[in-house]
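A short worksheet on the structure shown next.
In the text below, chain A, chain B and the rest are named by the order of the sequence lines, each starting its count at 1. Model, not experiment: these values are computed from the prediction.
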Amino acid sequence: MKLQRDFYLGDTLEISKRLIGKVLVRNTPDGVTKGIIVEAESYIGPFDKAAHSYGNRKSERTAVQYGPGGFAYVYFIYGMYYCFNVVTGSEGKPECVLIRALEPLDGIELMKKRRHTENIRNLANGPGKLCNAMAIDRSIYGCDLCQNELYIEDCGFSPEIEVSKRINIDYADEAKDFMWRFTAKGNNYVSVKTKK
DNA sequence: CGGAAGATTTCT
DNA sequence: GAAATCTTCCGA
């Protein structure tokens, strides 16, 4: 069943944890693609030096984070890749969850075509890759996850969850040691930089 | 294999 | 000028 608005309005760390094992569903004119969320990280704006919204910074890019939870925050990075986040918390709180990896579940042929690879493990085991596989780009910035174009559903999976430090945020001083990364334990589709 | 560099938007 | 990244190219 599809997750409703109230799921996204609570505590960001709690939501991150509960998102592991949920299914991300993307509807496009080309077809439907689905993937189980196996890796996610929390970014809690004002207190988190790694967050785009640290210290309540506001810009055109981060604007949607300041709205209520349950919307898509998509940003462009390194000139080539998109990253997909779920906005969480109530209005005025710039908090979000970065979806880092998916286990492909449905529409796999379509994902292969978009990614130009036959290796299923390589389809969505990283933030930039999963956006490519799910056809996520600027056009769904601010998209309501309670609609049909893009949403998350609960299929009853509840994998064992592993907690670790976040990835590639060495510049964030003490924030880099926060245990705000959640992964499905032993899952093969978690992004490669898992070691440490 | 493993490491390093490059692509090139958005904000500081 | 550097980032919440990925791919390709090079040398062992």
Using atom [atom1] of [X] as one end and atom [atom2] of [N] as the other, report the distance to the nearest whole Å.
X	N	atom1	atom2	result
Tyr81(A)	dA3(C)	OH	P	18 Å
Lys49(A)	dT12(B)	NZ	C1'	15 Å
Tyr75(A)	dC11(B)	OH	P	13 Å
Tyr54(A)	dT12(B)	OH	C1'	14 Å
Tyr82(A)	dC6(C)	OH	P	15 Å
Asn125(A)	dT5(C)	CG	P	13 Å
Arg114(A)	dC6(C)	CZ	C1'	18 Å
His52(A)	dA3(C)	NE2	P	11 Å

NA contact type, Leu98(A), heavy-atom cut-off 4.0 Å: base, sugar-phosphate, or nothing?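 Base: the residue Leu98(A), judged by heavy atoms under 4.0 Å, touches a nucleobase.
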Please classify the nucleic acid contact of Asn85(A) as base, sugar-phosphate, or nothing, using heavy-atom distances under 4.0 Å. base
Are the ring of Tyr78(A) and the base ring of dT5(C) both nearer than 5.5 Å at their centres and tilted by less than 30°?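 Yes, Tyr78(A) stacks on the base of dT5(C).
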Check the phosphate of dT7(C) against Lys129(A), side-chain N and O only, distance under 4.0 Å to OP1 or OP2. Yes or no?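 For dT7(C), OP1/OP2 do have a side-chain N/O of Lys129(A) under 4.0 Å.
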Does dT5(C) have its OP1 or OP2 closer than 4.0 Å to a side-chain nitrogen or oxygen of Arg100(A)?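 Checking Arg100(A) against dT5(C): at least one side-chain N or O falls below 4.0 Å of OP1 or OP2.
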Quick check: do Thr62(A) and Tyr75(A) have side-chain heavy atoms less than 4.5 Å from each other? no
Among the candidates [options], find the nucleotide nearest to the side-chain atoms of [X].
X	options	result
Glu60(A)	dA3(C), dT10(B), dC11(B)	dC11(B)
Asn122(A)	dT7(C), dA7(B), dT10(B)	dT7(C)
Arg115(A)	dC11(B), dT7(C), dT8(B)	dT7(C)

Pairing of Arg26(A) and Glu149(A) as salt bridge, 4.0 angstrom limit: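 Looking at Arg26(A) and Glu149(A), the cut-off is met.
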Residue whose closest nucleotide on DNA chain B lies nearer the 5' end, Phe76(A) versus Arg57(A):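 On the 5' side of the pair lies Phe76(A).
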Within a reach of under 6.0 Å around [atom1] of [X], are more than 12 heavy atoms found that belong to other residues, nucleotides or ligands?
X	atom1	answer
Glu153(A)	CD	yes
Lys22(A)	NZ	yes
Lys185(A)	NZ	no
Glu60(A)	CD	no

Distance-only donor-acceptor check, side chains Thr88(A) and Thr12(A), under 3.5 Å: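 Per modelled atom types, Thr88(A) and Thr12(A) side chains form a pair under 3.5 Å.
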Strand DNA chain B as a dot-bracket string - pairs counted if Watson-Crick or G-U with both distances under 3.5 Å, | where the partner lies in another strand: |||||||.|||.
